[in-house]
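Here the structure comes first, spelled out in structure tokens, and everything after it is commentary.
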There are 2 protein chains.
Amino acid sequence: MSTKEKILDLAEFYIQHYGYNGFSYNDISTSLGVKNAAVHYHFPRKEELIQEVLRKARVQFDLLAREAETLDKTHLEKVRRFLKIYDNNLTRDNRVCLIGALATDLYTLPAGLGHHLNVLVVAMKSWLAEVLLQGKEQGEFDFDGTADQRAGVICSGMAGALQMARILNNDEYYKIKSQLLNDIIK
Amino acid sequence: MSTKEKILDLAEFYIQHYGYNGFSYNDISTSLGVKNAAVHYHFPRKEELIQEVLRKARVQFDLLAREAETLDKTHLEKVRRFLKIYDNNLTRDNRVCLIGALATDLYTLPAGLGHHLNVLVVAMKSWLAEVLLQGKEQGEFDFDGTADQRAGVICSGMAGALQMARILNNDEYYKIKSQLLNDIIK
DNA sequence: AAATATACTTACTTATTAATAAGTAAGCTA
DNA sequence: TAGCTTACTTATTAATAAGTAAGTATATTT
């Protein structure tokens, strides 16, 4: 893996672990065994670094959506694949989700990043809403409210669940997740 | 209001608006028209300041719980009173909730604060679970899963909703909130 | 009237931040 | 082989961070 890719992975880790204002170029460079200026060489400003982290997250979500399209037979399987994103955050050092982490720091972020964050959230939430809608039409799901509303409840609930897990314990996360799933199946 | 109280209110605002690492003693002092050392006079270290913000939040929640006990006739009214806490965060400058804000910064916080945050979350969640349980036993509510699970879904969903509102729009918050309420009534 | 406490200010320290300028070694390219 | 690019390092900057020691004005107590 190139230094540039390692920087991106470390930046993502630090954002999800400590928040946007909780890490520095020095944290990344010393983790990597290079100098702070080497990080600036690849990403001149912190804004560019975070923007690239968000772009990469969007690319990875698009990949997940394509995998769901080709590999998953039921809509429930697609939803489970989606929720695994959050599981991975929990199991990898109790990260909170990228969106939740950046949302709480939003008003301290360089101006351009809000838009990129919005694009990511809209992509994920609207994909989930579409899966829920089709699953309901085909009798696979049963839930109250619109698919859009239900997608909002799930996205915000999962983001919050990762935060609760930190304060209470990991089991709290799984309890919330299973209940959110139950609420669309019954 | 005393300078000390004003400092506490400003600290709470800054945490919810910018996160723990997104504000400084200077931000507070210049907002107040005093010097940074004056803030250190009242709260020598940032840890003491945040601890006091959390203690105050717990006191205010206890007050809400007592008001609910004396003023609210139905369990639904109690839940609505509880959810109004989140409404107030939204309407006052799109704050995220104190718990969500500090959860994403948790691993950068002075060591002692995790415990105080845990105490606040346990108090709020267990109170809500008890209201939900009694409301269900008396036929006022109808929901799947345990009251504890449902309380977890509501707490994490509301925390996440405030974060989503920042990225999408305030209407997203109200859509999530109404759906979470719907899920316990039906 | 003298001593003490409260609520600050002045002035500072030490450490860290994002960012930049200038230099360098290795490799590729014409 | 001369020039250019890549991927850095060295060294520094201006700004900001939390925190502190010592001084001062005002009010309260003795």
Side-chain angles (χ1 to χ4, degrees), chain A residues 1-54 56 101-102 104-114 116-117, chain B residues 1-54 56 101-102 104-114 116-117:
Chain A
M1 200 179 355
S2 71
T3 298
K4 191 166 186 173
E5 286 171 307
K6 286 180 194 161
I7 291 170
L8 281 173
D9 279 1
L10 276 168
E12 189 192 46
F13 165 78
Y14 277 123
I15 294 167
Q16 296 186 253
H17 211 67
Y18 298 132
Y20 174 77
N21 297 299
F23 77 99
S24 69
Y25 269 44
N26 248 324
D27 291 328
I28 292 178
S29 65
T30 55
S31 283
L32 262 177
V34 296
K35 299 297 164 184
N36 126 67
V39 183
H40 278 286
Y41 166 77
H42 292 288
F43 303 96
R45 344 207 107 244
K46 217 175 176 182
E47 173 164 11
E48 273 115 299
L49 175 57
I50 310 304
Q51 193 173 313
E52 198 56 26
V53 168
L54 285 172
K56 210 180 149 186
L102 290 176
T104 65
D105 293 333
L106 190 66
Y107 300 142
T108 71
L109 259 39
L113 291 178
H116 295 277
L117 192 56
Chain B
M1 201 178 356
S2 70
T3 298
K4 191 166 187 173
E5 287 172 306
K6 285 181 195 160
I7 290 170
L8 281 172
D9 279 2
L10 276 168
E12 189 191 47
F13 165 78
Y14 277 123
I15 294 168
Q16 295 186 254
H17 211 67
Y18 298 133
Y20 174 77
N21 297 299
F23 77 99
S24 68
Y25 269 44
N26 249 323
D27 292 328
I28 292 177
S29 66
T30 55
S31 283
L32 262 177
V34 295
K35 300 297 166 184
N36 124 66
V39 183
H40 279 285
Y41 167 75
H42 291 288
F43 303 97
R45 344 208 107 241
K46 217 175 176 181
E47 174 165 11
E48 273 115 298
L49 175 58
I50 311 304
Q51 193 174 314
E52 199 55 26
V53 168
L54 285 172
K56 210 179 148 185
L102 289 176
T104 66
D105 293 333
L106 191 66
Y107 300 142
T108 71
L109 258 39
L113 291 178
H116 295 277
L117 192 56

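For the numbers below, each heavy atom of this structure counts, side chains included, while hydrogens, waters and symmetry mates do not. Worth saying up front: this structure is predicted, and the values here are computed from it rather than measured. In what follows, chains are A, B, ... by sequence order, proteins preceding strands, each numbered from 1.
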**Asked** Using a cut-off of 4.0 Å on non-hydrogen atoms, how would the nucleic acid contact of A/F43 be classed: base, sugar-phosphate, or nothing?
**Response** nothing
**Message:** Please check: side-chain N/O of A/Y14 versus main-chain N/O of A/Y25, any donor-acceptor pairing under 3.5 Å?
**Reply:** no
**Asked** Given C/dC8, D/dG19, C/dT10, which nucleotide is nearest the side-chain atoms of B/A37?
**Response** C/dT10
**Prompt:** Counting side-chain heavy atoms from C-beta on, which of D/dA18, C/dT17, D/dC8 comes nearest to A/D27?
**Reply:** C/dT17
**Asked** How long is the line joining OH of B/Y41 and C1' of D/dT24, in whole Å?
**Response** 13 Å
**Request:** Find the distance A/Y25:OH to C/dA15:P and express it as a whole number of Å.
**Result:** 25 Å
**Request:** Could you check how far CG of A/L49 sits from P of C/dA19, rounded to whole Å?
**Result:** 10 Å
**Prompt:** Between D/dA7, C/dC8, C/dA11, which nucleotide has the shortest distance from any of its atoms to the side chain of B/N36?
**Reply:** C/dA11
**Request:** Return the value, rounded to whole Å, for the distance between atom CD1 of A/I28 and atom P of C/dT16.
**Result:** 17 Å
**Request:** Quick one: label A/K35 by what it contacts on the DNA or RNA (base, sugar-phosphate, nothing), any heavy atom closer than 4.0 Å.
**Result:** base
**Asked** Picking from C/dA19, D/dC8, C/dT17, which would you name as closest to the side chain of A/H42?
**Response** D/dC8
**Request:** Describe, in one word, how the ring planes of B/H17 and B/F13 are oriented to each other, choosing from parallel (under 30°), tilted (30 to 60°) and perpendicular (over 60°).
**Result:** parallel
**Request:** Check every atom of C/dC8, C/dA19, D/dC8 against the side chain of A/V34 and return the nucleotide holding the closest atom.
**Result:** D/dC8
**Request:** Send over the distance from B/N26 CG to C/dC12 C1', rounded to a whole Å.
**Result:** 14 Å
